[in-house]
Every structure is written in structure tokens, then in C-alpha cells.
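The chains referred to below are lettered A, B, ... by the order of the sequence lines, with proteins before strands, and numbering in each begins at 1.
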Amino acid sequence: MIPLSETLSQGRELVAEIEHRSGQKVADCYQCGTCSSTCAAADAFDYPPHMFMRLLQLGAVDRAMASTTGQLCYDCMTCSSRCPIRIDVADVIETTKNIADEQGIRESERGLRLFRNLFLKNVRRHGRLHEASLLAWFNLKSGKLTNDLSLVPLILRRKNVRIVQPRIKDRAQVRRIFQRAKERPRW
Amino acid sequence: MSGGDIKLVGFLCNWCSYAGADMAGTSRMAQPAEMRIVRLPCTGRVNPLLVLKAFQEGADGVLVSGCHPGDCHYNEGNYYAHRRLELLSRMMAVYGIEPERFRYTWISASEGARWAETVTGFTETIRPLGRLNLAGGGARDDDHHQGPAAGSASPAEKR
Amino acid sequence: MRIGVFVCQCGTNIAATVSTERVASAAMALRDVVHAESIQYTCSDPGQRTVIAAAHKYALDRVVIAACSPRMHETTFQRTMAQAGINPFMMEMVNIREHCSWIHSDMEVATEKAIDLVSMGVAKVRGQTPLFSSHVPVVSEVLIIGGGVAGIQAALDIADAGMPVTLVERGPTIGGNMARLDKTFPTLDCSSCILTPRMVEVKHHENIRLMVNSEVEQVRGYIGNFEVDIRKKATCVDEEKCTGCQICEQKCPSEAPDEFNAGVGETKAISIAFPQAVPLVASLRKEYCRLYIKGKCGICKKVCPADAVDYEQEDELHTEKFGAIVVATGYELFDWRQAYPHYGGGLYPDVITSIQYERMLSASGPTGGHIQRPSDGAEPKEIVFLSCVGSRDESIGRPLCCKVGCMYIAKQAILTREHIPDSRTYVFYMDVRAGGKGYDEFYRRAQKEAGAVYLRGRVGKIYPRGGKLVVMGADTLVGENVEVEADLVVLATGIDAAAGAGSLAQRLNIPYDQYGFLSESHPKLRPVETTTGGIFLAGACQGPKDIPETVAQASAAAAKVIVLLSHDELETSPMIAEVNHMRCIGCFKCREVCPYHAIEEQGLRDGRRVAVVIESLCQGCGLCTVACPPSVISLRGYTDNQLIEEVTAVLR
Amino acid sequence: MVSTAYSYYPGCSLTSSATEYDISFRKVVEALGIQLDELEDWNCCGASPAPHHKAETLGVLLPGRNLHIAGASHDAIVAPCAGCYNRLKYAQYKLAGDQDIREQTSEVFQAEVRYQTEVLNIVQMLNREITPEALRERSQGRLANIRIGAYYGCLLTRPADILGFDSPRDPRKMRPLMEATGAEVPHFPFKTECCGSYMGLARKDILLKASHRIIEVAVSTGLDALVTACPLCHQNLDLRQEQINKAMGTSLRMPVLYFSQLIGLAMGISPEELELDALVVQPDMDRWLKGVA
């Protein structure tokens, strides 16, 4: 049950923040479902995109922020490209997720968070991503040790594959970039 | 003149804005009393010189209001008006008049509330500006005469 | 100059906030005012009698009535003036109700303002001169543009009233879109059974002249007196001689797309659109004819038993006079192919439009009433209908609702069950709009009796798989995606204004919206009039409509035409523009801005070319007065001097 | 002095799981006689994990650094990886449109940021350097025996208002060159559907389903191969094809080529040189090149 009198007044500010940051109007959505029908991951979401939009329309931002939709959406923007109202649905979802992050709402999708963190850590340290290291660390940290190991020989039969972690020269610059992003994640 | 010290003139087209002002009246929407409405068939009939004449004769603010673009009773009158009035509003400063004193807007026959808001907003914009002092602007009975109109500043002379 | 001022109390409507007595006495102080009084209800009979009496007593020649909005009672008091022997235009109304007493509460402020308004009115009426309406004779013939059900209805109504009608149709037959329908909702009447008798009636009506293959090229003139150029296009067939035997069509070797059947099946370069066409006359499309493409053929001419084929036939240009014009150009269906690449963009043969499906349903259609998959001719069992293809979709510039899609889908779902009892139909919809009489019941019948599976959601993608079409949609009610393996997909395409409606509107000088639909003068109170006098609208040219609405509007337009033409003469407004010929410099800037083409060039005896206002065309907008460089055009009733006097009356 | 050569930004994938893309691209460019200067000391663009979306800092600064370096020496930078291309364009869009972002970026880079270098993807660049007519001339219908599908995926076309490359609903820019190889390029209904992106490690289930659908439709469309310009798509569709089949209980086989490999084949470069052996799902080259002397 969604207590509308409450959610519509309490959720108003957060919805306004989402609308402001994404530049989209949630009230524009007329719930046709095109976004969901084109979404390759909708089956895995607890709320498919149109329902996610509906939650925001009803002011139920808490529920939207805690949903797996934001965490699992990988921003392919198919929904945005097909929306008959031209709403950038992917942006609304991503923005809501970012606000949830800022508010410290815990991600239930730990694997994905781990992937993102390891990815960025690798880039922060070395300036470039090393896919093999990422795979190794991910498997180690997630406990899924054999994950994707079958792919390794397939990759290794390529010429020129970098076995060791590549590093760029001006790592100081990259550190500065990450430092700035940490201090000020948004412009 | 009542309703405070300032004097405002509104040139309204008969089909949209005048009817919108009627609507505001029918709906009893309270408005400041400084506005004096002149009814015209179309904003396309509003000669920019008429606006300047109003200022010269003592108006402290002039509002022109007509049908929304695309809604003109005469099909395209308001497009001509838009072009002329846009140019005029950019020229206001040249005539020594604060640009805020002149405004044009589109209000339909059904937008009574919008008319009331527009009049209120416009009046509140002009009130702090006070009376218009057209330095060198020429004859204005209740102002001090600044001597003969200086150079080409007076639109009346040009006319 | 003797001016009388009458200040209305309007009961307490005005008198509660404005001291009408004080206004009247202040008016007495104004120049040339010889009488002023306050009246309780000026518009009432006794009130008007008081005004008339005062006019006589004080020998008034001008009157100011301070009361309600002129939009309310200007004509009332103009009539009062006429009774009082004063020119009706020598009266000025001052609005002290809507613009004063009703929006202010302070009596002092409101009274002062009312006094100001009265002085403005007095200043304006002082500059007024008597004006006289002129009369123009009316041509009693009517032009109707478009021969669909709207044009047919309007033509028959007007012709029955005894007025001659010319019905101009662009295509080779009348009947329009309705003639292509199999059944009509919500009654399932056979469309041609109800329409074709009306078409025949048009053909035989003594007051109707039917011109097919004809288009309106130019329109000059004004209400009561239009002059119209109509081009009758050459069709290489003599209409008088052709008997409609169709031998030419049978023998013609050149295939051509079948527009009447929306591309389901093919026809020939020379053909009759459909068996019930009116007139039943063949026409030849040169762009598909072998004779014109390859320079060699001529079979149709050889086989025609009536000797009706004439390759030398040329376009005819007719110039006719009409008193009124009814525009009934109808609609066409949205071309979805560019806009919906994710539905295959026209590449999958088994994704068809609803009108194509309709032609298959029709017993007289190209499949003889059998529903067939275009790809292999097989009978489909799983049929998916998609609503709102080209409607309610801002991303392709079509936010409007087509208004009939929901209902014709329901109809087609019901008919599908009748044609193929073991079929299953699916309907993807966003909302079901069933707001007419018997409509909701009809749509429920599609679900209950025809077993149509209604799915609330839009379809994101269609793609072929193993001879079937996978339709990927969302069911927003369960919040899950759904998928149908369909044999046939039918798109309920939206409604566009007929091609060329915008350019026709320009020729007629009537406004139209961004979709090409023609604009009515007022959406509530003048729904069939346009802003140009004498031109009326009927049917879907004004916006999406179903058949009952179209017919109703066509009859309404006919009624308006009949009222207009029931007079021999028309009175024209005298509040129009006037050029001072002595000072006109002949630059014709006025002609450029005039929306009504009401300015013409005239040579004077001294050789100068000057602008002249055509009084019957001028609508009195005043655009020309501003455009005139030497300011020698004035608008009667709103002259520069009057306006300046009105403004300065309160500023000085 | 600005060079007439292209600045070349391979990006991380092209140095590990997609080296065949790098090698085949260089081969094609070499055959066309164009100079590529690998961007000096380039860094990772941040790809999908770096938050971007409208106002996020990292999404501008990481690709911004590459733009900045390229701007010192080159008029145009080419990024064969669709992801890198997407992020470079995004950074450029933000930097061009917002003075505040420019200033803050310059502050971090300790220099006036250079962002105006033209950013090109592989399709744009090759279209510029070889016309379909010229390619047709060179290929002499070499690939006339096959049907291939142009697979665009997401990052090459979306968001369209920033990338300005092709229609997000109905992209067609790969087609002219693909047809010039002599191959048939039928309509591929899933050309813009997403393959599952970076979900491979954490949520393989989502990815395998999405990629399976694409392969399945490619097979039912009767294609001999898909062609892509994105290493991530390639990884998901080719490298993981066994995983897909295993998870979905199918035995689909669909070779997936890089755009550069296809163009290279048409130009007469050998399959070995183009690293076609690196593909997990091998095309039947004998059949493909049947009738080629």
C-alpha cells in the first residue's frame, strides 16, 4: 500500500531534485510501457522502467531508490530512444540511483558495486584498465573463483594481449582527476 | 487619475485579450486600478508611434496584449504586431524610457486569470519606477518643461 | 456637437462599487457633453426608452453608454441609436462593469476610474463620423470541396434546400474513406450499403453538379461573391461516353498500385476505383500507362465499345462564381513506415495497416472478404492489433488522438472472430476511448463475445521469426513484458489531414494548425465557421472525427450556408479601412500585409497608381494602417486621431 | 603545427580482449595509406562504471584528458571502440557547452583545456577515407557469397543528441561500406538492441539472455555473420557464445566480426593478417571467399 497523501508531499522535494538533475519531467510519462517492452533487463528488475516512473509520479521515491532497477540498469538507453514522449527514462533511473548512492542507501546488488569499484580502482591506480586483473580481483572478492575462467584461454590466443597491468606515465594527473571527482562528484 | 500616482495604458485586441479582461471581470478577479484599457480590433492595428505617443502624453507604462500566435482572428495580425513590438521594446532605451515600462503579451479570451496576473505584475513593476520623466521628451503638462525638444529624441517630432 | 452620457447602474452590479451619480455629474463637465444621467438597467426596455427620450429631448448626435462590455451589448445599443434616429456608429460603449466595478472594491478608486473611462469614451466619440453599412448581392451557388461522406451530406442538404451545388472531388469517385470501410462501428452496418445510395443520390440530384478528378486552384472574392478556378484534370476518358463496362480495365496490360484498396492487390493503369464508384467512369493514370511510358500501346482505345478513350484530352479550367464554400477535404492515414523502424518500417509483409485489413474484410475487396497473410496467402490465426501507431506519439510529431482507432480496432476484432472463428486476437492499447453512444458496450463486446485479449501497453518491437512475427510488448497492468507469436499484425494508424489541406487553406485564406487540420472560428460556439466569412468546414478536415460526428457537422455547415444564402444581399461592416487617395504614394505596402487581399491597385486620371480598399473584402483589422508609410490609411471607428484622443483624455 | 594524420585512441579493450580489432584496424588504415599516431600516454575513458550522466565529474575528466592531449597535435581523433567514442563525445559536449566545466577542468589539468579536436568513430573515419564506390572497386564483389547483419548496439548511436552520428531508432551508416564488400546486408531487426553491456561479471544471467536474443535473431534472419564496432558487444556475442548456448540450451553459431575485419577482407587483406583466427566462432572462410582467385 502506498499512502499517497504522505508520499506525494514527502517525496516532492526528491522528485524535484531528480527532475532537475535529469532535466526530465516525470509527470510527462503516460505509462504506455514502451520503455519496459524494449528493456533487455526488465525481467530482472523489481520494477520495470514504466513502473519505476510510476513510483516517482506517486512520490514513492524511497521505493524507487531502493529498487534493483537503478542498480541493474546498464544505461543502454533503448528505452530513451523509443519513448513516445521523448523522456530520457535511462537518465531518470540513473539519476535516482546516484541520489540513492549519495544518501547512502545500500545497494542490494553487491556484485555490481564490486565490479564498478574494482574497475575504477584499477583505472585510478594505473590510468588504464587491465581486464585480466579486474577479472582476477572480482573473482577473488566475490568468492566466485572460477567465474569466466573458461574465457581466459580464448582471450590469450590473441596476439599482443597485455599480460601485465599497463600503466600510464602521468599517473599523478589521473590521481588528481579522481581526487577532484571525490571532492566534487558533480560539477 | 485614481489608483495611485502612475498611469498605465493597455491596448487590447477585441477578440482575445479584451475578452480575457472581460473574463477576469466576470470572474471578479481583483486587480490594481491603474490600468486604462483601449479596445482595438487587432494588435496589428497598434502603431508603435501610438505607444510612444502615450508615453509622451504621460503614460508611465504601456501594455499591448493580443491573441496567441496562431490564434489571431485576422489570421496573422499578431505576427506583424510581434515583429513591430519586439523592435519597439528594444528601442525603448533609445527614447529614454526604461524598457520595463513597455510590455506586450498574448492572452486569450479564456485566460482571465492570466490577464489579472499580468495587470497585477505589470502594475507592480511600474510602481517602484514611479512617474516617467521624459527628459527632453517634450510636452507633458504635469512635468517641468525642459525647454525645446532636444535634437531628434522626440518621436512626436519624427512623426 | 451634442453628446449624451448614460451611466448604467446595472442594478448593484455597477452601483455597488461605482457612484454612477458622481460619474454622470463629472461627465457633464466634459467638452460637448450636454446631458448625462444614471439609469438603473440601461439595456432593459425602459432603460432604452429613457435613452431615446433623452436623445430627442437634448437633440443628441453622439452617445456614450457606460455599462458592461461592448462585447455584450454593443449591438443592443446600436439598435437603440437607430430607433433614436442617431447613426448607430455614433455611439461608444464604456466598460465600467467587467473592467471596473467587478474588479475593484474601493468605491472611491472605482468611481475615479469610471470617470476616466467615460472621458476616454467621450473623447473617442467626438472624433466619430456616421458610418453606413453597404450591401452586396449574393451568388446563390455553393461550392463543396471534397466528396467524402461530409461533402456528400452537405451537398445533399443544401441541394435539397433548393440551392445549386458544385461538388468538387480530387479523385475519380466520390465516397471518400467511408467507401473503403467494410462495416461501421458500433452497429456493424455495412458501410457501402448506407453510403452508396447517398452517392447515387448526389449523381442524380438536379441541383448538384459533380466534378471529379478536379481541384480548386485559386479563390478570389469574398463572402457571397467568391470566384473560383477549378481544374478538371485530363483522364483520357470522356465522362459522357464511358459506360463503366470495364472492358478497358480487363484488357489493359499496365499494372498499377490499387490506391482504393490501400495497396492490397493491384489494378490497371486504366480502371474504375471500385464497382460502386460514382460516377462509374474509368480513368487513366498516365504515370503507369505503357503508352505514356514506352510510347506504344493504345489497347484501351481499341477495345472501348463506347469510343470514350481520348488520349488527346486536356485539362479543363473552369472559373465559377459561388456565394459560399464548404471545405470537406477529410483525412488520410498516417504513413507509419519512416516513423516506426522498430515495427519493421514496412519491410515485413505481414505487418499491415488497419485500412488494408479493412479491405480484406470487405466482401467486395481484393480478397473477396477473406483474411489472408500477404506473405503466403495463409489464413492467420493469431492476429495482433496495435493502437496509436502515429497517434499520441510526440517523438514523431503526432501527439494527437485519432479518435476512431479504439473503436475500429474493436470492430475489426469482432469481425475477425466472425471471419475466422478459431482465431485469437490481441489488442495492445494505452487507453480505450469509447465515448460515443453505444461505444463502450461495443468495445466490451470485442472482449466478451469476440474474446479479444486486451493488453494495456505499447509494443516496443516486432521482428520475424520462423514465418511468424514476434510482437514484444509490455502488459503494464501486471508489470511484465509479454510476447505474442503472431501470424498477422495490424497497425491502427493515426489520422493526418489530407495531403495538400494546408496549401488549400492558404488558397482559401483560412487558418490551419501544425498538422494541416483547418481551424474553426471558435471551438465551442462557431465550430463549422472559419474566420473567413462564407467559408465553412465539414468533417475530418477540421480534426479527427467518426462518421456520425462528420455527418452532423456537415449538416450544420449546410444549415449555415442555407441561412447565409437565404438573403439576396449581405450587409457588410462599415468599420473598415479607407485610403486617402490624394496622399497615397502608391507603394502598396498595405497590399503586402493585408490578410484578405482586400487592397487593389487603381489608376487615377492623373496617371497615379493608388491603393483602393475592396469594401466587401476588408475585415477591419487595421494592419494596413500601420504599414502605410505616409499614414494615409485610416480604419473607420478606430482612426489614429480617435485613438490618440482616447488615450490622452486621461493622461493629460 | 597540427598533423594531417589521425590521432589514434585504442582504449583499454583494444590492448587486451580485443587486440584483433586494433590489429585489423591498423592493417586497414595502413592499406589506405593513412597515418595513425597513437595518442601519447592515453588513459582509460572510464567506460560505463565512471558515473557520467549530465553532471558527473569523472565522466568528463577522464575522457577529457585524452581530448586535451590529442588537441595539442591533431585535428581529429579516431576511437574504434564504441564506448571510448561515446565517452569522448560526451566529454566534448559538456566542455563545449559549459564554461564553468571548462574552467574547472582547466584547473585540474593545470592548463587551458583543449577539447575541440574532432572525435570520430571507425565508421565515420572509414567513410571519410574510402567511399563505397572505391571500396566496391577494390573488393570486386569478393564477399558476394554471404549475408551479414550490421549490429550497432547502444554506444555508437545513443544518446543521439550528443553523438549526432546516426538515428538511434534506425541507424544506417555502416551499411554503404558493408554493401560495397559485395555481401548482402539484409535488414537486421535487432541492430539497436543491447547485448547486456558490462553485466558479464556480476549478473551474467541478464547478459546471456540479452545476447542470446540477438544471436537467435541473427540466425533466424539467415545471416552468416554479424558486424560490430564495439569490443564489449563483441565480447558478449562472440567470446561468450559458448556460455550463451550452455545457459539457454541452444547450439547457435554466429560469427561476429569487427567492422575493420570485414572492410579488410573486402580490401583483399588476408584473414590471418586481420586476426580472424582470434574469433571464438570461426566463419567458414573457404565458403566466404569462394571464387576469389
Side-chain angles (χ1 to χ4, degrees), chain B residues 1-4 7 9-11 13-15 18-19 21-42 44-51 53-60 62 70-77 80-81 84 109 116 119 140-142 159, chain C residues 68-72 93 95 97-106 108-117 120 124 509-514 519 521-522 524 531-532 575 593-596 619-628 631 635 637-638 640 643-644 646-652:
Chain B
M1 185 136 177
S2 60
K7 307 175 180 191
V9 175
F11 294 106
C13 91
N14 178 50
W15 305 100
Y18 192 91
D22 278 358
M23 170 84 151
T26 314
S27 319
R28 313 292 201 274
M29 291 169 175
Q31 296 158 42
E34 286 89 336
M35 178 62 69
R36 300 288 175 267
I37 292 171
V38 174
R39 182 167 70 123
L40 295 161
C42 179
R45 171 69 187 90
V46 178
N47 195 324
L49 292 170
L50 186 63
V51 175
K53 181 76 179 164
F55 279 117
Q56 197 197 8
E57 294 293 339
D60 301 301
V62 176
D71 274 356
C72 179
H73 180 78
Y74 304 102
N75 300 349
E76 51 205 49
Y80 287 103
R84 291 178 191 134
V119 173
R140 179 141 152 195
D141 293 351
D142 55 358
R159 189 156 182 273
Chain C
C68 54
S69 172
R71 293 174 55 86
M72 181 84 117
M93 274 197 83
N95 186 346
R97 192 177 73 175
E98 285 86 344
H99 294 185
C100 188
S101 70
W102 276 351
I103 56 170
H104 306 309
S105 45
D106 185 318
E108 187 60 30
V109 168
T111 305
E112 285 298 316
K113 177 168 170 181
I115 293 170
D116 271 4
L117 295 176
M120 290 165 76
K124 187 176 176 202
N509 199 29
I510 55 177
Y512 57 101
D513 66 18
Q514 66 263 51
S519 307
S521 178
H522 189 279
K524 301 281 178 291
T531 51
T532 299
M575 309 268 272
V593 301
C594 178
Y596 301 97
Q619 304 281 318
C621 66
L623 282 184
C624 53
T625 63
V626 188
C628 179
S631 290
L635 181 63
Y638 296 98
D640 284 350
L643 293 175
I644 289 168
E646 186 178 358
V647 169
T648 53
V650 288
L651 296 176
R652 283 226 169 97

Roughly how far apart are C:Arg97 CZ and B:Thr26 OG1, rounded to 0.5 Å?
-> 7.0 Å
State the NE2-CZ distance between C:His99 and B:Arg39, to the nearest 0.5 angstrom.
-> 9.5 Å
Ion pair check, B:Arg45 and C:Asp640, cut-off under 4.0 Å | yes
Looking at C:Leu651 and B:Ala54, what are the two nearest heavy atoms and their distance?
-> CD1-O, 3.5 Å
In terms of heavy-atom pairs under 4.5 Å, which option from C:Asn95, C:Val593, C:Asn509, C:Thr625 contacts chain B the most?
-> C:Val593
Answer key: most heavy-atom pairs under 4.5 Å with chain C among B:Ile37, B:Asp22, B:Val38, B:Leu40 is B:Asp22
Quick one: does B:Pro48's side chain get under 4.5 Å of C:Val626's, heavy atoms only?
-> yes
B:Tyr80 versus chain C, the contacting section by heavy-atom distance below 4.5 Å | side chain
With only heavy atoms counted, which part of B:Ala19 is less than 4.5 Å from chain C, the side chain, the backbone, both or neither?
-> both
Specify which of C:Ser69, C:Ser105, C:Ala627 makes the most heavy-atom pairs with chain B at under 4.5 Å.
-> C:Ser69
For the residue pair B:Cys42 and C:Cys621, what are the closest heavy atoms and their distance?
-> CB-O, 3.7 Å
Measure the spacing between CD of B:Gln31 and CD1 of C:Ile103 and express it to the nearest 0.5 Å.
-> 3.5 Å
CG of B:Asn14 to CE of C:Met575: how many Å apart, nearest 0.5 Å?
-> 9.0 Å
Hey, does B:Lys53 have a side-chain heavy atom less than 4.5 Å from the side chain of C:Val647?
-> no
Could you tell me whether the side chain of C:Val650 reaches within less than 4.5 Å of the side chain of B:Val9, counting heavy atoms only?
-> no
Side chain, backbone, both or neither of C:Glu646 within contact of chain B (heavy atoms, under 4.5 Å) | side chain
Distance, nearest 0.5 Å, that separates CG of C:Leu623 from SG of B:Cys72 | 7.0 Å
About how many Å separate CD of B:Glu76 and OH of C:Tyr596, when rounded to the nearest 0.5 Å?
-> 8.0 Å
Which bit of B:Tyr18 is near chain C, if near means a heavy-atom gap under 4.5 Å: side chain, backbone, both or neither?
-> both
Answer key: most heavy-atom pairs under 4.5 Å with chain C among B:Ala116, B:Ala81, B:Gly77, B:Ala109 is B:Gly77
C:Gly620 and B:Tyr74 have their tightest heavy-atom pair at O-OH, 3.9 Å
